[in-house]
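Contents: one structure, followed by commentary.
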Amino acid sequence: MKVLYFASLREAVGTESEELEPAAHVRNVGDLVAWLAARGEPWSGAFAAGNRVQCAVNQVMARPDTPVSAADEVAFFPRVTGG
């Protein structure tokens with residue numbers, strides 16, 4: 001699985017992308033976020049509760065219940081606010 005980080009998330013985790021092999025129990029975006037956060041800092045801080053993070057799976061906006069697989073590209077980016 002290729003995981004991409006954009007904007008402040010990229011700065012927080014110190015990389016723009018990673019090739020990962022998540023644990024077998026990671027079946028959706030919510031599981032992936034929990035698994036990433038459980039790796040410790042800097043991921044736990046980047047994905048801490050209250051941080052508004054959006055996700056896309058294979059360049060399609062995703063929700064926490066969106067399935068993920070080893071062949072997917074998953075992108076995380078901060079929620080954009082308008083003004």
Side-chain angles (χ1 to χ4, degrees):
M1 174 183 298
K2 185 170 187 174
V3 177
L4 306 172
Y5 304 98
F6 290 93
S8 61
L9 285 172
R10 178 181 59 224
E11 295 170 17
V13 300
T15 187
E16 64 185 33
S17 67
E18 296 183 273
E19 293 287 339
L20 299 174
E21 188 172 329
H25 73 273
V26 174
R27 298 179 189 271
N28 60 41
V29 169
D31 293 341
L32 179 60
V33 168
W35 183 79
L36 287 167
R39 296 167 76 192
E41 289 296 335
W43 298 274
S44 59
F47 291 102
N51 284 356
R52 301 180 69 109
V53 175
Q54 289 188 301
C55 179
V57 176
N58 301 322
Q59 301 182 13
V60 176
M61 295 303 294
R63 300 168 25 134
D65 62 348
T66 300
V68 294
S69 71
D72 288 333
E73 176 187 84
V74 180
F76 292 105
F77 46 94
R79 185 167 293 195
V80 177
T81 58

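We use all heavy atoms of the structure for the numbers below, so side chains are in, but hydrogens, waters and symmetry mates are not.
- Residue E41 qualifies as enclosed at atom CD: its count of foreign heavy atoms under 6.0 Å is above 12.
- Ring pair F6/F77 is perpendicular by interplanar angle, where above 60° counts as perpendicular and below 30° as parallel.
- Taking each heavy atom of A46 and V13 in turn, the nearest pair found is CB-CG1, 3.9 Å.
- Side-chain heavy atoms closer than 4.5 Å link hydrophobic residues (I, L, V, M, F, W, Y) into clusters, and following such links, even through other members, never connects W43 to L4.
- Counting only residues at least two apart or on different chains, the salt bridge (charged side-chain N to carboxylate O under 4.0 Å, His left out) pairs with a member in residues 57-66 are R63-D65.
- Checked against side chain to side chain contact (heavy atoms under 4.5 Å, CB included), S8 has the following partners two or more places apart in sequence or in another chain: P78.
- The number of heavy-atom neighbours closer than 6.0 Å to CD of E16, taken from other residues, nucleotides and ligands shown, is 12 or below.
- In this structure, S69 and M1 approach most closely via the heavy-atom pair O-CE, 3.3 Å.
- Applying the under-4.5 Å side-chain rule to Ile, Leu, Val, Met, Phe, Trp and Tyr, the cluster around V60 consists of that residue alone.
- Every residue two or more places apart in sequence or in another chain that forms a salt bridge (charged side-chain N to carboxylate O under 4.0 Å, His left out) with E18 is listed here: R39.
- Enclosure of atom CD in E21 is not indicated, since only 12 or fewer non-hydrogen atoms of other residues, nucleotides or ligands lie within 6.0 angstrom.
- Taking E11 as the reference, nothing meets the side chain to side chain contact (heavy atoms under 4.5 Å, CB included) condition, with sequence neighbours excluded.
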Would you mind writing out the side-chain donor-acceptor pairs for residues 25-38 within the sub-3.5 Å range, not counting sequence neighbours?
{"residue": "N28", "atom": "OD1", "partner": "G30", "partner atom": "N", "Å": "3.0"}
{"residue": "N28", "atom": "OD1", "partner": "D31", "partner atom": "N", "Å": "2.8"}
{"residue": "D31", "atom": "OD2", "partner": "R27", "partner atom": "N", "Å": "3.0"}
{"residue": "D31", "atom": "OD2", "partner": "N28", "partner atom": "N", "Å": "3.4"}

